[in-house]
**Q** 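Have a look at this one.
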Amino acid sequence: MAMNFRGFVPFLCLSLVVACAARPFYLLPSKIATQNRQPLQTSRPYNIAHRGSNGEIPEATAAAYMRAIAEGADFIETDILSSKDGILICFHDVTLDETTDVADHKEFADRKRTYDVQGVETTGFFPVDFTLEELKKLRVNQRYKFRDQQYNGMFSIITFEEFISIALDAPRVVGIYPEIKNPVLINQHVKWPNGKRFEDKFVETLEKYGYKGSYMSKDWLEKPLFIQSFAPTSLVYISNLTDSPKIFLIDDVTIPTQDTNQSYWEITSDKYLDFIKEYVVGIGPWKDTVVPVKDNHLQPPTDLVARAHARDLQVHPYTYRDENSFLHFDFHQDPYQEYDYWLNEIGVDGLFTDFTGSLHNFQEWTSPISQNDGKNKSKASRLLDKIGLLISAYKNG
Amino acid sequence: MNWIGIIVPFIAVSVIGGCVGRPLLHPAPIRKPLQTIRPYNIAHRGSNGELPEETLAAYRRAVQEGADFIESDILASKDGVLICFHDLTLDNTTDVAIHKQFAHRKRSYQVQGVNITGWFVVDFTFEELKLLRVKQRFGFRDQQYNGKFSLITFEEFISVALHAKRVVGIYPEIKNPVFINQHVKWSDGKKFEDKFMETLKKYGYEGSYKSKEWLKQPVFIQSFAPTSLTYIANLTDLPKVLLIADPPTRTEDTNQSFFEITSDSYFNFINKYVVGIGPSKAAILPSIDNHLSETSNTGLVAKAHAHGLQVHPYTFRNENLFLTFNFKQDPYEEYDFWINKIEVDGLFTDFAGSLHNFQEWTSEKGN
């Protein structure tokens with residue numbers, strides 16, 4: 001069928017757009033029937049792609065998330081904040097300064113502000129002072145100078161909905177792990193109609209895309225989800241709105257909770273864990289508080305993991321990074337030794353990693369999922385496996 | 001019959017037998033042989049990612065971690081003792097600067113056309129060198145062992161390998177032979193290369209590559225100086241490896257360029273003397289803006305393989321500053337690439353443990 005020139009130009013433009021978008025040009029959410037997709041693995045600890053594969057590509061961008069999925073992540077993780085006009089976006093910092101080119105945009109030069117953020121006077125360009133349209137003009141940069149800079153200025157900030165659609169679009173079942181981030185600050189600066197709060201809009205967005213069901217339910221396995229937050233009242237609040245599983249994040253020992261001003265010692269006490277376990281399925285602590293560090297060497301571990309596990313609380317520590325500046329000397333500058341220690345000696349249930357590909361390699365090479373491992377492996381059967389390996393090593397030794 | 005006289009010794013023997021963990025009457029177990037089916041894991045200066053380089057501790061750690069070969073640089077002290085040490089000067093990796101009695105020993109010498117100032121190993125007797133303590137070369141590695149270990153001799157290095165519970169090969173280098181022969185003289189006209197070979201022969205190292213003798217005590221002799229290798233070819237048929245530095249470095253003995261010693265005609269000549277080459281990684285695949293490009297592959301590996309030469313590139317390190325971005329700051333991705341895409345035959349690594357993990361974890365899958 002011949003195409004005249006006038007018809008050809010739009011076709012050419014469309015092809016360019018398709019090629020540039022670099023992924024199949026079809027409507028979202030995915031048209032692939034859910035039952036045909038490879039399910040979420042649940043027989044070994046979760047590989048949680050912290051801000052996507054941001055070791056390689058600027059954090060929390062579509063490209064970083066798609067790379068993470070290609071590399072085998074079980075979950076893609078993000079921090080949810082809000083724009084001035086109440087659109088939920090994927091962005092980690094309360095200011096745009098470190099990871100965007102906002103400083104290059106002369107039209108925004110007058111937007112710099114100083115706000116109190118969790119008791120700290122913070123100056124910068126705040127997302128809550130920009131509409132989504134304005135935020136979309138910015139381009140994201142790699143946060144760390146020692147990582148690949150070649151994608152700086154190429155990608156934009158994405159919305160919560162765009163993030164969700166990346167997971168739903170994936171060729172296999174990939175879970176999402178969004179954070180209700182800085183809710184105290186967001187609710188101070190952004191107002192939604194009908195008296196809705198940040199937490200309401202957050203849950204609304206998830207429900208819009210069909211996320212529901214308690215941990216390991218049929219609904220949950222089709223669309224896996226963990227909701228995380230440092231603010232316990234936000235988690236307690238949304239418990240009335242959804243039974244999707246929630247994770248209570250725990251910051252360093254010096255940082256009190258932003259909403260209830262409770263210390264690390266209080267929120268990790270037996271009494272508090274007994275309370276919070278009614279609302280969450282697990283905790284997400286900073287790894288150096290689980291196993292303290294001195295002179296870049298590990299000290300004896302605390303009992304936090306044992307006390308959490310005794311209450312059926314999962315433990316998903318953050319954050320694992322390949323660069324040797326983040327690795328304690330016990331690991332010999334080898335990120336796989338770190339994974340080995342945390343998965344096999346400390347026995348955690350998931351890991352937030354900037355290098356989902358490395359974690360995936362480690363897990364595939366040392367604990368591949370066979371056809372028979374469909375069910376959630378109990379601790380007892382894992383112990384039997386270890387005994388079996390010990391015996392066979394002795395026989396062959 | 002007094003049954004106690006039978007039962008008690010029987011129980012005693014069983015207890016001993018049980019405790020020893022193996023039948024009492026069998027001979028000592030044969031050591032697990034060198035693996036020869038996958039690329040060699042060569043512990044470059046021992047596990048110096050964790051412990052100061054070229055110390056007993058670094059070599060023992062490397063053996064523990066699964067190295068196939070432990071590697072060393074051989075130099076000579078003023079009184080002709082062969083020692084394990086990489087630099088010609090003691091400045092960067094020892095505490096020589098704090099020894100007041102050696103303050104006046106600083107010298108300036110020409111080394112391969114460059115003026116170098118420092119405390120040179122060739123100006124210290126072995127007894128004096130033993131007074132020094134070794135430290136970790138890189139500031140970003142574990143400093144906790146600084147000042148604890150001393151320099152070792154070639155013979156002490158060999159004994160680490162011979163005492164290992166499994167067969168571990170050695171990979172010593174005839175290092176800076178031009179300089180050493182200029183500054184150190186041995187009795188009866190012997191050269192550095194002669195003393196080097198004497199030491200190996202003393203400990204029973206002999207045999208061509210993969211011969212029965214070689215498999216019992218594996219060794220590769222390496223050098224940047226081709227004439228040293230052709231010289232010792234008359235003394236031994238032990239396998240030798242020609243090291244190749246990046247351009248614009250020229251060979252210290254024959255002043256030949258990189259391009260000359262990697263040419264087809266040169267390989268045609270040298271493959272009568274060596275079983276392989278040890279090039280820098282950049283000589284095979286240069287990087288641009290910290291990215292490797294397959295299109296800039298110099299073809300060195302293919303050429304070497306075509307001439308029947310093994311390729312053992314140096315040096316693999318875990319720290320991200322040594323990794324190009326292609327590898328996503330993951331040292332195992334680098335091993336995967338060099339072993340499975342470039343198909344080298346051995347790797348000099350500062351992290352024998354990491355390479356061992358990679359090879360063990362990926363071997364069953366037929367990767």
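Chain letters run A, B, ... following the sequence lines, proteins first, then strands; residues in each count from 1. Keep in mind that what you see is a predicted model, and the values were worked out from it rather than measured.
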**Q** Quick one: what part of A:Arg321 sits under 4.5 Å from any heavy atom of chain B, side chain, backbone, both or neither?
**A**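 Contact with chain B is absent: no heavy atom of A:Arg321 under 4.5 Å.
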**Q** For B:Thr55 and B:Tyr145, run side-chain hydrogen bond (donor to acceptor under 3.5 Å, both in side chains): C-alpha distance rounded to whole Å, both residues' side-chain angles, the deciding distance at 0.1 Å, then the answer.
**A** CA-CA 11 Å; B:Thr55 54; B:Tyr145 303 105; over 6 Å; no
**Q** Quick one: which of B:His291, B:Lys32, B:Gln143 has the most heavy-atom pairs under 4.5 Å with chain A, could you say?
**A**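 Of B:His291, B:Lys32, B:Gln143, B:His291 has the most heavy-atom pairs under 4.5 Å with chain A.
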**Q** Counting only heavy atoms not in B:Asp289 (residues, nucleotides, ligands), do more than 12 fall under 6.0 Å from its CG?
**A**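 Not more than 12 within 6.0 Å, no.
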**Q** Quick one: what part of A:Gln333 sits under 4.5 Å from any heavy atom of chain B, side chain, backbone, both or neither?
**A**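 Both the backbone and the side chain of A:Gln333 come within 4.5 Å of chain B.
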**Q** Is A:Lys287 close enough and on-axis enough to A:Tyr320, meaning under 6.0 Å and within 45°, for cation-pi?
**A**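 Output yes; distance and angle both within limits.
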**Q** Nearest 0.5 Å, please: how far is CG in B:Leu321 from CG in A:Asn324?
**A**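 Here the rounded value is 6.5 Å.
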**Q** Indicate the ring-plane relationship of B:Phe69 and B:Tyr171, choosing parallel, tilted or perpendicular according to the 30° and 60° boundaries.
**A**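 The arrangement is perpendicular - the two ring planes meet at more than 60°.
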**Q** Where does A:Asn361 contact chain B at under 4.5 Å (heavy atoms): side chain, backbone, both or neither?
**A**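 Just its side chain gets close to chain B.
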**Q** Identify which part of B:Arg61 has an atom lying under 4.5 Å from any heavy atom of chain A, answering side chain, backbone, both or neither.
**A**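 The answer is the side chain of B:Arg61.
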**Q** Picking from A:Asp354, A:Thr99, A:Asp93, what satisfies side-chain hydrogen bond (donor to acceptor under 3.5 Å, both in side chains) with A:Arg143?
**A**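 Single side-chain hydrogen bond (donor to acceptor under 3.5 Å, both in side chains) partner of A:Arg143 among A:Asp354, A:Thr99, A:Asp93: A:Asp93.
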**Q** Identify which part of B:Arg317 has an atom lying under 4.5 Å from any heavy atom of chain A, answering side chain, backbone, both or neither.
**A**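 Neither part; nothing is under 4.5 Å.
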**Q** Go through the atoms of B:Asp142 and report whether side chain, backbone, both or neither lie under 4.5 Å from a heavy atom of chain A.
**A**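 Both parts, backbone and side chain.
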**Q** How about B:Pro218 and B:Val167: do any of their side-chain heavy atoms sit closer than 4.5 Å?
**A**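 SC-SC contact between B:Pro218 and B:Val167 confirmed.
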**Q** I need the contact set between residues 34-54 of chain B and chain A: heavy-atom distance under 4.5 Å, sorted by residue number.
**A**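 Expected list: B:Gly49, B:Glu50.
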**Q** Count the heavy atoms belonging to other residues, nucleotides or ligands that lie under 6.0 Å from CD of A:Gln299, then report whether that count exceeds 12.
**A**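 Result for CD/A:Gln299: enclosed.
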**Q** So B:Tyr332 and A:Tyr336, would you call those rings parallel, tilted or perpendicular, with 30° and 60° as cut-offs?
**A**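 Parallel, since the angle between the ring planes stays under 30°.
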**Q** Examine whether an atom of B:Phe351 lies under 4.5 Å from a heavy atom of chain A, and if so say whether it belongs to the side chain, the backbone or both; otherwise answer neither.
**A**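 Side chain of B:Phe351 only, per the 4.5 Å heavy-atom cut-off to chain A.
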**Q** In sequence, state the C-alpha distance, the side-chain angles, and the governing distance for B:Thr362 and B:Tyr335, and then conclude on side-chain hydrogen bond (donor to acceptor under 3.5 Å, both in side chains).
**A** CA-CA 11 Å; B:Thr362 58; B:Tyr335 290 137; over 6 Å; no
